[in-house]
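Within every chain, numbering begins at 1; the chains are lettered A, B, ... in the order of the sequence lines, protein sequences first and strands thereafter.
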There are 2 protein chains.
Amino acid sequence: MTTIYDVARRAGVSPATVSRVLNGRASVDPEMAARVRQAAQDLDYRPNAVARSLRRSRTSLWAVIISDIGNPFFTSMVRGVEDVAQEAGFSVVLCNGDEDPEKEARYVAAALAERMAGVIISSSGRPALISRLVQARIPVVAIDRQPRGVEVDTVLVDNTHGAEQATAHLVGSGYRRIACITGPRRISTAMQRLRGYQRALKASGRPATEDLIRYADFREEGGYRAMASLLETAEPPDAVFAANNLMTVGAVECLVDNGIGVPDPFGIVGFDDIPWAHLVRPSLSTVAQPTYDLGRTAATLLVERIADPAKAPSTVVLHTELRVRESSAPSAGRQGPAAGRTRSRGTAAGSLRS
Amino acid sequence: MTTIYDVARRAGVSPATVSRVLNGRASVDPEMAARVRQAAQDLDYRPNAVARSLRRSRTSLWAVIISDIGNPFFTSMVRGVEDVAQEAGFSVVLCNGDEDPEKEARYVAAALAERMAGVIISSSGRPALISRLVQARIPVVAIDRQPRGVEVDTVLVDNTHGAEQATAHLVGSGYRRIACITGPRRISTAMQRLRGYQRALKASGRPATEDLIRYADFREEGGYRAMASLLETAEPPDAVFAANNLMTVGAVECLVDNGIGVPDPFGIVGFDDIPWAHLVRPSLSTVAQPTYDLGRTAATLLVERIADPAKAPSTVVLHTELRVRESSAPSAGRQGPAAGRTRSRGTAAGSLRS
DNA sequence: CGGCGATGACGACCATCTACGACGTGGCGC
DNA sequence: GCGCCACGTCGTAGATGGTCGTCATCGCCG
């Protein structure tokens with residue numbers, strides 16, 4: 001590997017001058033600058049980013065710690081983060097926490113050891129991890145999930161409102177007993193979405209009883225099991241609101257395996273869109289999140305936080321959008337007063353292309 | 001941040017001894033070692049990975065440069081890479097090349113600047129990028145796509161055979177004019193899958209004419225347009241083999257929008273599975289790749305290459321598996337001699353759970 | 001001729017690792 | 001029993017590569 005000394009020798013200047021030319025920090029004689037640049041090009045010189053980081057005591061790496069790389073929600077989010085990072089001159093280290101607090105802890109340790117420039121984290125629960133980052137003065141942005149007891153920049157969606165809207169839509173479609181499959185109690189999004197569900201039930205004058213609620217794991221398998229458990233009860237539900245995309249898929253699978261028709265007699269709405277939802281039959285009604293923007297917003301906050309570590313932490317809440325498709329639109333006989341949408345194939349496909 | 005000097009001072013030893021204790025390189029008096037460890041724990045000392053990297057002139061980071069983070073094929077692969085990296089003590093920097101040679105070049109430059117310990121790359125064409133890495137003595141493993149003119153460790157699947165099998169299956173199902181939507185000419189997988197398609201057609205005694213071939217971009221949009229273009233021809237096909245998952249989805253969308261039934265009258269088989277393929281109606285027949293193992297294998301090769309930079313490069317070819325579902329199984333009247341599978345819903349769902 | 005501004009050279013510094021040297025102890029041989 | 005040698009252990013210092021502050025010098029202008 002060629003070093004800055006090799007370039008200096010070839011250009012007949014000191015290493016400091018080479019540094020100044022390449023960083024544009026101070027004014028250098030144009031003729032000499034050109035000579036340096038030529039030498040650098042001739043030798044295919046690439047500054048050693050490690051040495052630079054050591055001297056500057058800061059790197060140009062971000063750690064993005066997500067909960068599940070297999071979930072399209074997170075990959076889309078990462079894409080948003082990455083695009084902003086790229087523009088701002090940072091590289092992204094993607095870390096798959098896998099909903100495992102221990103794995104997550106390892107990644108936080110790595111971020112500390114590598115003295116990363118910043119961390120974007122969707123934490124699976126432990127606020128202590130985020131505290132450690134804050135204590136080490138590493139800029140942090142929490143995304144998707146709200147950490148408890150720590151003051152950091154945060155980007156969320158209006159989980160409660162989205163869940164309320166989805167549940168109210170099921171109520172309006174005429175379903176009688178609406179169940180809820182949510183995530184682990186320690187995760188803020190799971191609890192907020194549950195609260196939205198409960199609020200909508202109360203607003204419609206129905207009791208939100210515990211026997212209609214299941215706490216699963218935000219994965220396909222968990223959604224399947226929760227659905228199966230709901231069907232086994234003495235008085236099974238006739239609709240369900242599932243609190244994330246993978247559990248929605250699991251629940252639908254369970255219904256298919258049990259030969260139960262969707263949307264008639266059984267309605268389903270899921271939180272968070274899935275790709276190719278329009279190709280799934282019946283197409284799934286979902287509460288769509290602005291995943292890409294979620295990532296972009298978090299990244300923008302991180303850039304600002306790095307620029308000014310002293311500024312007060314802010315929380316940004318983005319909006320969800322209920323996308324009604326086939327899975328929550330029962331036949332005419334059952335439809336309630338609020339249910340007036342088309343089910344034509346063309347429309348469904350068209351709305352998804354956007 | 002506490003440094004090795006702080007720990008040394010507190011333990012009453014020299015920094016060198018602290019380093020020795022924590023790295024286990026040389027023998028140190030056990031009593032003294034215990035004192036050092038205690039001091040390190042008291043101060044919550046974490047070695048500065050940047051300084052370590054500079055001194056050792058090697059980092060513990062891998063760059064994984066993939067073509068499209070939105071494609072589940074790659075995320076599953078990355079998961080395999082990551083699991084092995086974790087075990088071997090490396091962290092993974094995920095880089096989304098986005099099928100854009102320029103973006104890809106930037107990431108390769110970053111890998112060089114950061115003196116990364118290794119690179120796993122699914123290159124969008126330019127062998128020059130890989131050459132630069134090899135020249136800089138950075139261990140490289142090519143994955144999914146075969147780089148031309150460079151000798152590096154490579155992990156591939158049997159693209160030609162998989163495509164041949166898929167096409168032969170369409171032939172056997174009784175389709176007459178079978179088209180092919182493949183990827184850009186510069187990408188090896190696109191050409192190999194095209195070759196498999198052509199081979200199968202020749203084996204069945206049909207001409208593989210150019211008017212049945214479209215070169216798209218491996219994306220949903222491209223698949224849609226290619227399908228539309230095939231339908232506009234004077235003599236449209238009645239089946240298509242699509243060379244990756246996203247283009248398959250695009251092609252199906254186009255068929256739906258045009259009101260053409262699948263699998264009757266139009267058959268389709270795609271290369272590479274998609275998640276929730278079993279929920280899509282009609283469920284899609286695909287050539288499934290061992291995506292996770294692809295990643296694991298590449299990572300294992302990289303670990304070996306790092307351990308022994310001198311060893312001869314090897315190429316590993318993994319096998320694909322044709323998964324017949326509904327989209328290629330026409331009704332009885334059309335079925336050819338080779339088409340004898342069930343189309344029952346239960347069976348289709350069951351085969352997908354595995 | 002003096003002063004100021006601009007530019008370049010030099011060296012300290014970032015945190016860690018490691019080669020080399022020094023010191024001490026134990027064992028063996030005379 | 002004493003001395004020497006060898007080995008084990010520890011500390012010092014230098015190296016890693018780039019950045020930036022300091023100082024000196026040169027040239028130009030007043």
>> Within the 3.5 Å criterion, strictly below it, is a donor on Thr297(B) or Asp293(B) matched to an acceptor on the partner's side chain?
In response: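 Not at all, the side chains of Thr297(B) and Asp293(B) share no donor-acceptor pair under 3.5 Å.
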> When you look at Ser14(A) and Thr17(A), which way does the side chain to side chain donor-acceptor pair (under 3.5 Å) test go after all the steps?
Replying inline: CA-CA 5 Å; Ser14(A) 81; Thr17(A) 303; 3.2 Å; yes
> Tell me the ring-ring contact (aromatic ring centres under 6.0 Å, His included) pairs involving residues 20-70 of chain A, sequence neighbours left out?
Replying inline: Trp62(A)-Phe90(A)
> ring-ring contact (aromatic ring centres under 6.0 Å, His included): which pairs involve residues 93-122 of chain A, sequence neighbours left out?
Replying inline: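 Listed by first then second residue: nothing to list.
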> Taking five pairs at each end, how big is the angle between the two axes of the helix from dC1(C)-dG30(D) to dC30(C)-dG1(D), to 10°?
Replying inline: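 The end-segment axes of the helix from dC1(C)-dG30(D) to dC30(C)-dG1(D) are tilted 60° relative to each other.
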> Residues two or more places apart in sequence or in another chain: which of them pass side-chain contact (heavy atoms from CB on, under 4.5 Å) with Arg9(A)?
Replying inline: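 Applying side-chain contact (heavy atoms from CB on, under 4.5 Å) to Arg9(A) gives Asp6(A).
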> Any side-chain heavy-atom pair from Val13(A) and Val18(A) closer than 4.5 angstrom?
Replying inline: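 Side chain of Val13(A) against side chain of Val18(A), heavy atoms only: contact under 4.5 Å found.
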>> Within a 6.0 Å radius of atom CD on Glu151(A), are there more than 12 heavy atoms belonging to other residues, nucleotides or ligands?
In response: no
>> Tell me whether the count of non-hydrogen atoms from other residues, nucleotides or ligands lying under 6.0 Å of CZ in Arg148(A) goes above 12.
In response: no
> Where along nucleotides 15-21 of chain C does protein come under 4.0 Å, by heavy atom, of base (B) or sugar-phosphate alone (S), with - for untouched nucleotides?
Replying inline: BBBB---
>> What's Val50(B) touching, base or sugar-phosphate or nothing? Going by heavy atoms closer than 4.0 Å.
In response: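 Result for Val50(B) = nothing.
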> When you list every nucleotide of DNA chain D with an atom under 4.0 Å from a heavy atom of chain A, which one comes first 5' to 3', and which comes last?
Replying inline: dG17(D) to dG21(D)
> Between Arg79(A) and Asp68(B), is there a side-chain N and carboxylate O pair less than 4.0 Å apart?
Replying inline: yes
>> If we check side chain to side chain donor-acceptor pair (under 3.5 Å) with Arg145(A), which of these qualifies: Ser188(A), Ser67(A), Ser123(A)?
In response: Ser67(A)
>> I need the CE-P distance between Met32(A) and dA6(C), as an integer number of Å.
In response: 17 Å
